[in-house]
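These notes concern the structure reproduced below.
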Amino acid sequence: MGSIRVHEFITLDGVINEPTWTFEYGFDPKMGAALAGAMAGCQGILLGRTTYEMFEPAWSARTEAEDPGAPFMNDTMKYVVSSTLEKPTWRNSEIAGPYDAGVIGQLKQRVPGGIYVSGSGTLVRAMLADGLADELHLFVYPVARGAGQRLFADNGPATKLALAGSEAYSNGVLHLTYTPATPTA
């Protein structure tokens with residue numbers, strides 16, 4: 001069985017949408033190594049429709065010379081969770097249909113290695129609620145936005161996690177890796 005590894009850029013107050021606010025902090029090369037580590041061994045990418053539609057124009061023409069992550073993003077099979085997208089236009093993409101925990105569980109069984117997820121807030125919240133995410137890689141930026149889509153929504157289910165790793169970067173970003181907490185007896 002594969003694993004699902006989620007990556008999010010997140011503010012101190014939990015905002016994850018439209019991460020253009022990350023630009024002013026630059027990108028520490030160690031962050032690239034951490035992202036590569038999260039992607040390592042993954043044989044699939046799982047995206048919500050909105051993230052897919054944002055990523056396709058940003059990544060589809062990008063080369064390895066421009067970004068070392070381009071081959072992974074373009075050559076890896078992408079599964080898109082959507083009830084409205086009918087025909088994917090980015091190569092190596094297929095529509096998984098509307099969110100269904102059983103379908104995601106089957107993908108997890110079928111795709112060897114791991115499945116990488118980036119952004120896709122609505123999808124990630126659902127997978128966390130259904131216990132489908134195996135690793136959560138949060139790149140916490142030293143800013144509070146005050147408003148925006150949050151990773152953990154108000155009135156959402158309680159989610160217990162265990163810290164599996166942490167790393168601080170020179171730009172003030174903190175990488176926190178979490179796994180599901182093991183229930184105590």
Side-chain angles (χ1 to χ4, degrees), residues 2-48 50-80 90 92-93 111 113-125 127-128 132-152 159 161-181:
S3 63
I4 294 180
R5 303 176 200 162
V6 176
H7 148 242
E8 297 288 350
F9 291 143
I10 188 168
T11 64
L12 290 170
D13 58 345
V15 173
I16 58 171
N17 69 318
E18 300 177 23
T20 53
W21 42 263
T22 64
F23 297 166
E24 71 179 88
Y25 294 92
F27 193 78
D28 187 309
K30 292 179 184 175
M31 292 170 64
L35 286 168
M39 295 173 181
C42 288
Q43 308 261 331
I45 300 172
L46 182 62
L47 300 170
T50 302
T51 301
Y52 175 85
E53 289 176 340
M54 286 174 29
F55 277 14
E56 179 184 14
W59 283 103
S60 61
R62 210 175 283 182
T63 66
E64 185 173 12
E66 296 169 309
D67 189 311
F72 175 79
M73 296 301 290
N74 288 311
D75 299 340
T76 303
M77 187 66 190
K78 290 162 281 297
Y79 305 93
V80 186
W90 190 4
N92 300 319
S93 298
V111 176
I115 299 172
Y116 173 73
V117 182
S118 182
S120 308
T122 302
L123 169 63
V124 170
R125 277 194 298 280
M127 289 192 308
L128 287 168
L132 291 168
D134 300 291
E135 293 178 14
L136 188 56
H137 294 268
L138 301 179
F139 289 80
V140 184
Y141 283 74
V143 63
R145 300 283 298 163
Q149 183 185 58
R150 288 177 164 72
L151 178 58
F152 298 100
T159 304
L161 302 167
L163 183 64
S166 64
E167 183 176 19
Y169 303 112
S170 61
N171 60 356
V173 174
L174 183 61
H175 173 209
L176 302 173
T177 303
Y178 289 99
T179 58

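Just so you know, residue 1 is the first one in the sequence shown, and it goes up from there.
- For residues 8-37, the pairs satisfying salt bridge (charged side-chain N to carboxylate O under 4.0 Å, His left out) are Asp13-Arg150, with sequence neighbours left out.
- For Thr22, there are no side-chain hydrogen bond (donor to acceptor under 3.5 Å, both in side chains) partners at least two apart in sequence or on another chain.
- A search for side-chain hydrogen bond (donor to acceptor under 3.5 Å, both in side chains) contacts involving Thr177 returns His137, His175, not counting sequence neighbours.
- Judged by distance alone, the side chain of Ser60 and the main-chain N or O of Glu56 form a donor-acceptor pair under 3.5 Å.
- Residues Tyr116 and His7 meet the side-chain proximity criterion, which asks for heavy atoms closer than 4.5 Å.
- Here the side chain of Arg62 pairs no donor or acceptor atom with the backbone of Ala70 at under 3.5 angstrom.
- In this structure, CD in Glu64 is found 9.5 Å from CG in Asp75, a value given to the nearest 0.5 Å.
- When all heavy atoms are compared, the tightest approach of Ala164 to Thr179 is CB-CG2, 4.0 Å.
- At a cut-off of 3.5 Å, with distance as the only test, a side-chain donor of Trp90 or Asn74 sits close to an acceptor on the other residue.
- Side-chain contact between Leu12 and Val143: absent, with no pair of heavy atoms (C-beta onward) separated by less than 4.5 Å.
- Considering only residues two or more places apart in sequence or on other chains, Thr63 meets the side-chain hydrogen bond (donor to acceptor under 3.5 Å, both in side chains) condition with Glu66.
- The two atoms that bring Gly69 and Trp59 nearest to each other are C-CZ3, 3.8 Å, heavy atoms only.
- Residues satisfying the ring pair (Phe, Tyr, Trp, His ring centres under 6.0 Å) criterion with Tyr141, sequence neighbours excluded, are Phe9, Trp21, Tyr25.
- Proximity of Leu46 to Leu123: side-chain heavy atoms (C-beta onward) are separated by under 4.5 Å at one or more points.
- When every heavy atom of Pro142 is checked against every heavy atom of Gly172, the shortest pair comes out as CD-O, 3.6 Å.
- Listed here is the closest heavy atom pair of Leu128 and Ala133: CD2-CB, 3.9 Å.
- A distance-only check finds a donor-acceptor pair linking the side chain of Thr11 to the backbone of Val15 [under 3.5 Å].
- Every residue was checked against the side-chain hydrogen bond (donor to acceptor under 3.5 Å, both in side chains) condition with Gln149, not counting sequence neighbours, and none meets it.
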Side chain to side chain contact (heavy atoms under 4.5 Å, CB included) evaluation trace for Met77 with Ile45: CA-CA 6 Å; Met77 187 66 190; Ile45 300 172; over 6 Å; no
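- The CE atom of Met127 sits 9.5 Å away from the CG atom of Leu136 when rounded to the nearest 0.5 Å.
- Inter-residue side-chain proximity for Phe72 and Cys42 is flagged as met; some heavy-atom pair is nearer than 4.5 Å.
- Checked by atom type and distance alone, the side chain of Asp134 pairs as donor or acceptor with a backbone atom of Ile4 at under 3.5 Å.
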